[in-house]
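Contents: one structure, followed by commentary.
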Number of protein chains: 2
Amino acid sequence: MPGTDRRAWEVVLESIEADLLSGRLSPGDHLPAERALAAGLGVGRSSVREALRVLEVLGLIRTAAGSGPSAGAIIVALPGGGMSALMRLQVAAQGFPVADVVKTRLILEAAVVAELAGAAGAAGLAGSAQLLDAMDAPGLTEAEFLALDTQFHLSLATASGNQVITATMAGLRSAIEGYARAGALGLASWSETSARLRGEHRGIVAAIDAAEPELARARVVAHIEGYYAETHDHPLHAWPPALGPT
Amino acid sequence: MPGTDRRAWEVVLESIEADLLSGRLSPGDHLPAERALAAGLGVGRSSVREALRVLEVLGLIRTAAGSGPSAGAIIVALPGGGMSALMRLQVAAQGFPVADVVKTRLILEAAVVAELAGAAGAAGLAGSAQLLDAMDAPGLTEAEFLALDTQFHLSLATASGNQVITATMAGLRSAIEGYARAGALGLASWSETSARLRGEHRGIVAAIDAAEPELARARVVAHIEGYYAETHDHPLHAWPPALGPT
DNA sequence: GCGACGGGTGTGGTCTGACCACAGTACACG
DNA sequence: CGTGTACTGTGGTCAGACCACACCCGTCGC
């Protein structure tokens with residue numbers, strides 16, 4: 001019978017996934033103890049641990065030692081962490097070209113701001129505006145500015161309310177964090193760039209507030225493409241790249 | 001010193017990530033044997049295995065027992081698997097609402113076809129056209145049709161050449177595979193729906209071939225929103241959802 | 001009666017050692 | 001020279017042990 005030869009940790013993973021899909025497990029619930037899970041499924045505890053480790057990295061569970069209500073493995077379903085780890089490692093292993101990461105981020109963020117501009121209430125942008133003010137503080141280092149920049153762009157995704165986009169954007173951003181930092185350090189005049197970026201940020205928010213979807217989209221595209229070109233010596237265009245046999 | 005109390009498997013993961021970033025490890029390379037890795041890092045073999053299991057699920061390595069060049073853990077960087085597992089489990093754990101998954105897919109696919117239509121050569125669509133013909137075969141079951149449908153939509157992403165979008169689309173698709181199947185089975189007239197879907201597919205490809213980005217985008221939006229509404233009894237709109245207090 | 005203290009208990013985290021199945025390799029044998 | 005067969009090293013799994021931790025509850029002292 002094919003499929004019976006699954007590895008032990010896969011059996012555990014599938015069992016937990018089935019419990020999630022059937023509703024036997026829901027966010028907030030505790031998983032059975034590792035030893036109980038192992039005994040119940042007829043596998044060793046180490047196999048259970050391998051499966052739980054995967055679930056933890058994927059952001060599905062949170063584990064804590066000790067005793068009491070907060071101990072054990074708890075279903076949390078926080079997608080951000082898992083997405084970040086996945087994207088970061090894929091970029092590190094050269095499975096994801098940096099340019100593709102930036103392009104995807106561009107597509108998603110452009111769609112997000114266009115939707116925000118089209119939506120009636122721009123109530124979700126309070127956090128974004130706060131971050132813009134924080135980025136105006138004098139004496140910010142490149143690293144501090146970039147951290148706020150990350151939060152700002154992420155706050156736009158959060159304002160959309162779309163969990164998938166929020167998590168994906170967070171992952172994409174963390175994947176290219178190292179490149180963004182290296183690029184910023186190589187700039188000739190950081191203060192000029194910082195001023196320009198801050199102005200572009202306010203322009204994006206202004207376009208959203210003005211309920212101008214296409215203007216917001218265009219400004220996001222210019223913002224991201226411009227920064228990419230400035231830090232990479234070559235544009236982001238030529239999309240899709242290299243299809244023909246040359 | 002904070003940070004020193006990392007768990008053992010995290011040490012392994014960070015070590016491998018550092019090796020990837022520094023170039024000491026590249027796609028195609030073999031990882032050291034589990035026992036050697038454990039000895040070298042001063043951790044137990046079980047901790048090494050937990051880290052490798054994570055890398056395997058994330059699609060970074062492929063493991064094989066036995067001996068010879070193909071055995072051991074090899075860096076592969078195949079993002080599809082990891083993305084699928086992540087999205088599927090997050091949907092199962094209710095971290096990703098199905099509507100958000102569909103919306104994200106809509107955004108990405110709309111951008112993909114628009115770009116494909118804008119690009120000069122539509123050479124990458126040969127596979128897509130082949131799938132369209134396969135979907136015209138009479139007597140296809142719902143499941144067979146949906147499998148081809150998945151391949152068709154994925155082939156569009158592949159044609160874009162963007163690794164991140166391709167992997168993300170594959171993950172999104174696998175996350176909602178169960179819902180798509182359940183929705184198809186509940187339809188009143190499958191043959192009518194199938195005919196309509198096939199027509200819409202050809203319309204999308206035609207728009208790309210005609211180099212009409214906005215038409216292609218509009219047809220993709222209509223295609224996905226229409227199918228969602230048909231199988232869910234409520235539209236995909238109201239985006240972003242529920243920001244206000246109420 | 002009430003508070004503080006201490007062991008008991010169960011949790012995840014880790015290591016060790018052992019065994020298995022597997023696949024390639026090298027060596028001995030015909 | 002060809003053909004097996006034993007060897008070696010790999011991942012896969014299990015069992016058992018120990019640790020640190022955090023809660024729980026009973027006891028003790030006030």
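Below, each value reflects all heavy atoms present in this structure, side chains not excepted, and no hydrogens, waters or symmetry copies. The chains referred to below are lettered A, B, ... by the order of the sequence lines, with proteins before strands, and numbering in each begins at 1. Quick caveat: nothing in here was measured; it's all calculated off a predicted structure.
Under 4.0 angstrom from either OP1 or OP2 of D/dC14 there lies at least one side-chain N or O belonging to A/Ser47. For C/dG12, the OP1/OP2 oxygens have no side-chain nitrogen or oxygen of A/Arg49 closer than 4.0 Å. The phosphate of D/dT10 (OP1 or OP2) has no side-chain N or O of B/Thr63 nearer than 4.0 angstrom.
Considering only side-chain atoms of B/Pro69, the nucleotide from C/dT14, D/dG12, C/dT25 that sits closest is C/dT25. In the set D/dC14, C/dG12, D/dG9, the nucleotide with an atom closest to the side chain of B/Ser67 is D/dG9. Between C/dG13, D/dT10, C/dG12, one nucleotide has an atom nearer to the side chain of B/Ala33 than all others, and that is D/dT10.
Note on B/Ala38: nothing from the nucleic acid sits closer than 4.0 angstrom, heavy atoms only. Note on B/Gly66: a base of the nucleic acid sits closer than 4.0 angstrom, heavy atoms only. Note on B/Arg53: only backbone sugar-phosphate atoms sit closer than 4.0 angstrom, heavy atoms only; bases stay farther off. Residue A/Ala8 is classed as a sugar-phosphate contact, given heavy-atom separations below 4.0 Å to backbone atoms only.
The distance between atom CD of A/Glu34 and atom C1' of D/dG16, rounded to the nearest whole Å, is 15 Å. A straight line from CD of A/Glu50 to C1' of D/dC14 spans 11 Å, rounded to a whole angstrom. Look at NE2 on A/His30: it is 15 Å from P on D/dA22, rounded to the nearest Å. Between the CD atom of A/Glu10 and the P atom of D/dG11 there is a distance of 17 Å, rounded to whole Å. A straight line from CG of A/Leu31 to C1' of C/dG13 spans 17 Å, rounded to a whole angstrom. Nucleotide C/dT11 holds its P atom 7 Å from the CZ atom of A/Arg35, rounded to whole Å. Residue A/Leu37 contributes atom CG, which lies 14 Å from atom C1' of C/dT11 at whole-angstrom precision. Distance, B/Ile61 CD1 to D/dT10 P: 15 Å, rounded to whole Å.
Along DNA chain C, the nucleotide nearest to A/Ala71 and the one nearest to A/Ser46 differ in position, and the one closer to the 5' end is contacted by A/Ala71. Taking the nucleotide of DNA chain D with the nearest heavy atom to each of A/Ser70 and A/Gly44, the more 5' of the two is matched to A/Gly44.
Using a 4.0 Å cut-off between a side-chain N of Lys or Arg and a carboxylate O of Asp or Glu, B/Asp149 and B/Arg173 qualify as a salt bridge. Ion pairing between B/Glu177 and B/Arg181 holds under the 4.0 Å rule for side-chain N and carboxylate O. The existence of a salt bridge linking B/Glu56 and B/Arg53 is confirmed by a sub-4.0 Å separation between a basic side-chain nitrogen and an acidic carboxylate oxygen. Using a cutoff of 4.0 Å between basic side-chain nitrogens and carboxylate oxygens, A/Arg49 and A/Glu34 are scored as salt-bridged.
In this structure, the side chains of B/Val76 and B/Leu60 stay at 4.5 Å or more apart for every pair of heavy atoms.
Side-chain atoms of A/Arg45 stay outside donor-acceptor range of the base of D/dT13, with no qualifying N/O pair under 3.5 Å.
Below 30°, between 30° and 60°, or above 60°: for B/His201 and B/His153 the angle between ring planes is above 60°, a perpendicular geometry.
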